[in-house]
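Note that ligands are numbered from 1 as they come in the structure, with each ligand's atoms numbered from 1 the same way.
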Amino acid sequence: MSDKIVLTGIKPTGTLHLGNYVGALKPLVEMSKSNTTFMFIADLHALNFMRDAAALRRHTYEIAAILVALGLDLKNAVLFRQSDIVQVPQLSNMLMNVTPKGLMNRAHSYKAAMDKNAAAGLDTDAGVNMGLYTYPVLMAADILLYNADIVPVGADQKQHVEFARDIAGYFNNIYGETFKMPEPVIGADTGIIPGLDGRKMSKSYDNIIPLFAPSAELKKKIMRIITDSKLPEEPKDPDTSTIFQLYKHFATAQEVAAFRDKFVAGGMGYGTAKTILFEKIDSALAAPRAEYERLMANTDLLDKILVDGAARARAVAEQTYARAHRAMLG
Ligand code: TRP
């Protein structure tokens, strides 16, 4: 058991896919076995663009169910809903006062929104609300409240964690040592997980394979993976094949080596390779998928898990918030 505190948030915005599983969920579940891990569903962070409360609630349950079904260790892991901790918006509001506006101007996500507007000939701030603009401050509150040492995130979130460090630094400079400095940890190098069309698997490319799709849907998706036009007898390149690149993450080292040999030797058509891939993923995910379905049919249980998690998170958040409050207001 390491004494490092791990923390991360997942936004409840839609279907999680195999790319999320390999790149983020699986390593997080592993990490929860040996570290205190605060893991929350970042529903407040979704509010700047999600306006459908029922969908938000459903996606929140989905993420909780996925994590539990994948074996998140609920002794070490504190799983909760961000919005259940009132100290998050409270601290965020306090931190606004030590956060330079210029820092927010430099945020990648805000700059991307401005660039998109400029390209469309619109006012650069068109459609930008304060939730989007101050997103990094809310995220700093999340991170600093629970005294996180390590924040595992995707590369796209690294800047936000660096901002949390900056904001903690400004605060500590003015008010004295109050917050611990978090470290971003960019996911272990799982490489790019390709989607159906060979590009990175991403909702925005519409090329995803949902994590817990029922068998029939999983099969249909896998059969749609785009390949080159090599004939069955021809040797094939496993390193550029989406089929092989996905297989790698679900099979043992021995199975992977054997599958690689079949690609290189020739004699295996892509249809056969897809069937092998389907069977591998389907069996690897069968047990957690059944557990996921059981949990989704029992949201009372999920609520109980989330309420328990919130109580544990709140105990820490209250202390940190009290420290900040005392420092600022005496
Ligand atoms: N912004 C993160 C994302 O979009 C989610 C998130 C919210 C988060 N708060 C966090 C991640 C705190 C790490 C730590 O993916």
*Asks:* Does the gap between the ring centers of Tyr21 and Phe212 come in under 6.0 Å?
*Replies:* no
*Asks:* Counting from 1, what ligand 1 atoms have a heavy atom of Ala42 closer than 4.0 Å?
*Replies:* 7 (C)
*Asks:* Looking at Asn105, Asp125, Thr134, which hits side-chain hydrogen bond (donor to acceptor under 3.5 Å, both in side chains) with Tyr110?
*Replies:* Asp125
*Asks:* Got the closest protein heavy atom to atom 7 (C) of ligand 1, with its distance?
*Replies:* His45 ND1, 3.2 Å
*Asks:* Would you mind listing which atoms of ligand 1 come within a distance below 4.0 Å of any non-hydrogen atom of Lys11?
*Replies:* 4 (O)
*Asks:* Regarding atom 11 (C) of ligand 1: of the candidates Ala148, Gly9, Ala140, which has the closest heavy atom?
*Replies:* Gly9
*Asks:* Pick out which of Lys158, Met139, Met104 makes a side chain to side chain contact (heavy atoms under 4.5 Å, CB included) with Phe163.
*Replies:* Met104
*Asks:* What do you reckon, does Thr8 have a nitrogen or oxygen under 3.5 Å from a nitrogen or oxygen of ligand 1?
*Replies:* no
*Asks:* For Phe80 and Phe38, take the angle between the two ring planes, folded into 0 to 90°, and tell me which bin it lands in: parallel under 30, tilted 30 to 60, perpendicular over 60.
*Replies:* perpendicular
*Asks:* For Tyr135 and ligand 1, does the shortest N/O to N/O distance drop below 3.5 Å?
*Replies:* yes
*Asks:* Looking only at heavy atoms, what is the nearest atom pair of Tyr146 and Ile5, with distance?
*Replies:* O-CG2, 3.8 Å
*Asks:* Does the plane of the ring in Phe259 sit parallel, tilted or perpendicular to the ring in Phe244? Use 30° and 60° as the thresholds.
*Replies:* parallel
*Asks:* Would you mind checking which non-hydrogen protein atom is closest to atom 2 (C) of ligand 1, with the distance to 0.1 Å?
*Replies:* Gln157 OE1, 3.3 Å
*Asks:* Side chain, backbone, both or neither: which applies to His160 and ligand 1 if a contact is any heavy-atom pair less than 4.0 Å apart?
*Replies:* neither
*Asks:* Do Pro194 and Met201 have side chains that get closer than 4.5 Å, going by heavy atoms?
*Replies:* no
*Asks:* Taking the six-membered ring of Tyr205, is NZ or CZ of Lys200 closer than 6.0 Å to its centre and within 45° of its axis?
*Replies:* no
*Asks:* Which heavy atom of Asn129 sits nearest to which heavy atom of Leu132, and what is that distance?
*Replies:* OD1-N, 2.8 Å
*Asks:* Below a 4.0 angstrom heavy-atom separation, can you tell me which part of Leu138, side chain or backbone, both or neither, approaches ligand 1?
*Replies:* neither
*Asks:* In ligand 1, which numbered atoms sit nearer than 4.0 Å to a non-hydrogen atom of Phe40?
*Replies:* 9 (N), 10 (C), 12 (C)
*Asks:* Check ligand 1 against Val151 and write out every atom of the ligand that is under 4.0 Å from a heavy-atom position of the residue.
*Replies:* 13 (C), 14 (C)
*Asks:* Give the residue and atom name of whichever protein heavy atom lies nearest to atom 9 (N) of ligand 1, and the separation in Å to one decimal.
*Replies:* Asp142 OD2, 2.8 Å
*Asks:* At a non-hydrogen distance cut-off of under 4.0 Å, which region of Asp156 contacts ligand 1 (side chain, backbone, both, or neither)?
*Replies:* neither
*Asks:* Any idea which atoms of ligand 1 are less than 4.0 Å away from a heavy-atom of Leu7?
*Replies:* 12 (C), 14 (C)
